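All values derive from a computational prediction rather than experimental measurement. No hydrogens, no waters, no symmetry mates; every other heavy atom, side chains included, goes into these values.
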Protein chains: 2
Amino acid sequence: MHTDLDATFAALADPTRRAILARLATGEATVTELAAPFAMSQPAISKHLRVLERAGLISRGRSAQRRPCRLNAGPLQEATAWLAAYRDHWAESYQRLDNLLDELRAAEETAASEPAEAEGDDRA
Amino acid sequence: MHTDLDATFAALADPTRRAILARLATGEATVTELAAPFAMSQPAISKHLRVLERAGLISRGRSAQRRPCRLNAGPLQEATAWLAAYRDHWAESYQRLDNLLDELRAAEETAASEPAEAEGDDRA
DNA sequence: ACGCTGTATAACCTCTCGGTTTTATAACCA
DNA sequence: TGGTTATAAAACCGAGAGGTTATACAGCGT
């Protein structure tokens with residue numbers, strides 16, 4: 001249960017991959033759809049997807065010649081759990097930020113209908 | 001405010017560095033103290049510390065010829081905030097884990113005297 | 001002044017990463 | 001059957017990670 005953190009954090013260390021995850025949070029997408037926003041070749045995206053897949057962050061189906069990707073957030077939860085152990089430490093420093101997360105959480109729950117303009121969006 | 005995630009996640013992607021952070025959650029420590037548990041040369045640890053420092057995860061003081069390190073958890077909070085955007089997605093899949101975090105949190109609050117022993121300890 | 005302790009720097013090696021271009025595979029369409 | 005679309009695979013490249021050993025530097029103790 002304490003493995004894979006290497007792969008998970010390493011996968012998250014790249015802005016392109018974080019953006020891909022953000023996109024996939026919206027719903028399934030094909031490789032070319034995912035590649036579109038980036039000034040990068042298609043094979044480069046395929047490589048990123050392979051990294052995400054090996055980290056367990058995405059999984060892929062088959063639809064004709066397309067290979068749709070979908071988010072698999074399990075590892076993100078593991079990562080979050082690891083980080084949670086340090087919550088106190090930044091709470092010490094500046095407790096106000098403890099609220100930030102609660103706000104964030106509340107915002108998400110409330111904004112079920114409102115057009116999310118909040119973060120989760122990286123990259124141009 | 002949404003930068004540095006690259007550096008933060010990259011820093012967290014190494015088990016040695018995660019272990020160092022776990023150790024520092026206990027309190028300040030000198031370089032040799034930090035190096036002790038690892039089957040690795042001292043310069044290697046110094047390099048890891050430089051990575052952590054450049055990621056803003058630690059800062060260092062001076063006490064005689066020693067250069068004590070202390071945890072600076074700000075970036076961890078940023079990382080947590082980023083991950084928080086995906087909470088729903090694993091909540092969908094298996095809601096039970098939503099509780100896990102609450103339990104973890106509760107455990108920490110209760111164990112006000114026992115600093116993070118959960119996980120964090122990697123490596124042989 | 002001398003030597004010891006604590007830490008950083010330098011030079012080097014190997015491996016992986018992130019990107020490229022080119023080519024192959026697979027499944028659709030006509 | 002042939003062509004086009006969607007994706008993967010191969011071969012290559014430069015840069016950086018992560019480790020090593022050897023060396024330099026700083027500050028203490030005597």
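- Rounded to whole angstrom, the span from the CZ atom of Arg66(A) across to the C1' atom of dC29(C) amounts to 12 Å.
- Here Ala44(A) lies in heavy-atom contact (under 4.0 Å) with a base.
- With hydrogens and angles left out, the side chain of Gln42(A) and the base of dA6(D) share no donor-acceptor pair within 3.5 Å.
- For the atom pair CG of Asp6(B) and CG of Asp14(A), the computed distance is 6.5 Å after rounding to the nearest 0.5 Å.
- Here the straight-line distance linking atom CZ of Arg23(A) with atom CZ of Phe38(A) works out to 10.0 Å at 0.5 Å rounding.
- Among the atoms of the strands shown, only primed sugar atoms or phosphate atoms (P, OP1, OP2) are found under 4.0 Å from some heavy atom of Thr32(A).
- Just one of Gln42(A), His48(A), Arg50(A) meets the side-chain hydrogen bond (donor to acceptor under 3.5 Å, both in side chains) condition when paired with Ser46(A); it is Gln42(A).
- Nucleotide dA11(D) holds its C1' atom 10 Å from the NZ atom of Lys47(A), rounded to whole Å.
- Atom CZ of Phe38(A) and atom P of dT20(C) are 12 Å apart (whole Å).
- Between Ala10(A) and Ser63(A), it is Ala10(A) whose nearest contact on DNA chain C lies nearer the 5' terminus.
- Look at Arg17(B) and you'll find a side-chain N or O under 4.0 angstrom from OP1 or OP2 of dG18(D).
- Counting to the nearest Å, the P atom of dA8(C) and the CG atom of Leu52(B) are 12 Å from each other.
- Contact annotation: Arg54(A) side-chain N/O to dT16(C) OP1/OP2 distance is not under 4.0 Å.
- Atom CZ in Arg62(B) sits roughly 7 Å away from atom P in dG27(D) (whole-Å rounding).
- Regarding Ile20(B), its CD1 atom lies at a distance of 11 Å from the P atom of dG18(D), rounded to whole Å.
- Separating the CD1 atom of Ile45(B) from the P atom of dA8(C) is a distance of 11 Å, rounded to the nearest angstrom.
- Residues Leu12(A) and Thr8(B) form no side-chain contact, since every pair of their non-hydrogen atoms from C-beta on lies 4.5 Å or further apart.
- For dG19(D), neither phosphate oxygen OP1 nor OP2 lies less than 4.0 angstrom from any side-chain nitrogen or oxygen of Ser41(B).
- Residue Pro43(A) has its side chain nearest to dT22(C) when only dT22(C), dT20(D), dG19(C) are considered.
- Separating the CD atom of Gln65(A) from the C1' atom of dT25(C) is a distance of 12 Å, rounded to the nearest angstrom.
- For dA8(C), one of the phosphate oxygens OP1 or OP2 lies less than 4.0 angstrom from a side-chain nitrogen or oxygen of Ser46(B).
- Under the 3.5 Å distance criterion, the side-chain polar atoms of Arg66(A) are left unmatched by any main-chain donor or acceptor of Thr32(A).
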